[in-house]
Amino acid sequence: MGKHKKSRNRHKRRNKNSLHSSIKNDDETSANKSSIVDKIQSTNTKTRDATLSALSVTLFSSKKLLDDSLVGAVLRRLSIDSDESAACNAAGCIINYIITSSSCNDFDSAKKYSVESVMEQLIKLDVLTLLLCTLNNNKKPARLHELLFHILCLIIENGNDDVVIERLSKGDTGEMCSSAILSHLEVENDLGVNCRNADAQMFAARALHAILDDGNNLDILKFLDSVDLASRLCKSIISNGSSPARSRLHGCGIILSLAT
């Protein structure tokens, strides 16, 4: 009798880990890749959430360039998923994908894997449009905005600030990008109520600081008539004792860049 109980318990543990194990090996055939994409696009919220959660610590941390269809499916989820946990797990996949590639010093020619190849893939899949559209949607949860700004920072800091600058220079797209960043620097609304997630504010300040790190990029804010607004918002962050230290640090960096 005891042996049968132990056997059942082992069977339960195997079932519990089956999704995690299958995703680790799912990249071996195109059929399996299709299966993962189907799970990501499932109408069942729990299936999407569990799949994206497992992917973030398996394939998206595996030091290899992934299939466009898989990465594209995850990018769409972070933008359109109505479930906060699933959308945040999708964002976590992309963050891990970039961080893992940027920590890999050796270019793997067999896998065509490097931070440059990952960045090229994400930009080809129009990651910036997805990020900016979602960041401009105030109905999206603050936690998701924080993660999306983290992705934007990683894109800029891994040598792709020119792509972001190009977006800032284009009429409506530029205003959308400027609005997404500057609106998250607000400390309080007109009623004096704290209206932003502190971490989202920090990453927004970090993104703008990274953009302005090259003095030539100041022309972009001038083009958008946003210099005074950016300066005013950063001064509010610095003088607000409840703002995170890193937000105030990036605020100082932005003001110094604006003054040069």
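Because the structure is a prediction, the values reported are computed rather than measured.
At least one side-chain heavy atom of L208 sits less than 4.5 Å from a side-chain heavy atom of L182. No side-chain heavy atom of F60 sits less than 4.5 Å from a side-chain heavy atom of I95. Put simply, the side chain of L59 reaches to within 4.5 Å of the side chain of I36, judged on heavy atoms. Side-chain contact between I238 and C252 is present, with heavy atoms from C-beta onward closer than 4.5 Å. Annotation: side chain of I151 is in contact with side chain of L78 (closest heavy-atom distance under 4.5 Å). Within the 4.5 Å cutoff, no side-chain heavy atoms of L152 are placed close to those of F203.
Scanning for salt bridge (Lys or Arg N to Asp or Glu O under 4.0 Å) contacts around D67 gives an empty result, with sequence neighbours left out.
How far CD of Q41 is from CZ of R76: 6.0 Å, rounded to the nearest 0.5 Å.
Other residues, nucleotides and ligands contribute only 12 or fewer heavy atoms inside 6.0 Å of the CD atom of E120. With a 6.0 Å radius and a threshold of 12 heavy atoms from other residues, nucleotides or ligands, R246 has its CZ atom at or below the threshold.
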List the steps, then state whether side-chain hydrogen bond (donor to acceptor under 3.5 Å, both in side chains) holds for T45 with D83.
CA-CA 7 Å; T45 301; D83 181 72; 5.1 Å; no
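Residues I80 and L128 fall into different hydrophobic clusters, defined by Ile, Leu, Val, Met, Phe, Trp and Tyr side chains chained together at heavy-atom separations under 4.5 Å.
Using a 30° and 60° split on the angle between ring planes, F149 and H184 fall in the perpendicular class, above 60°.
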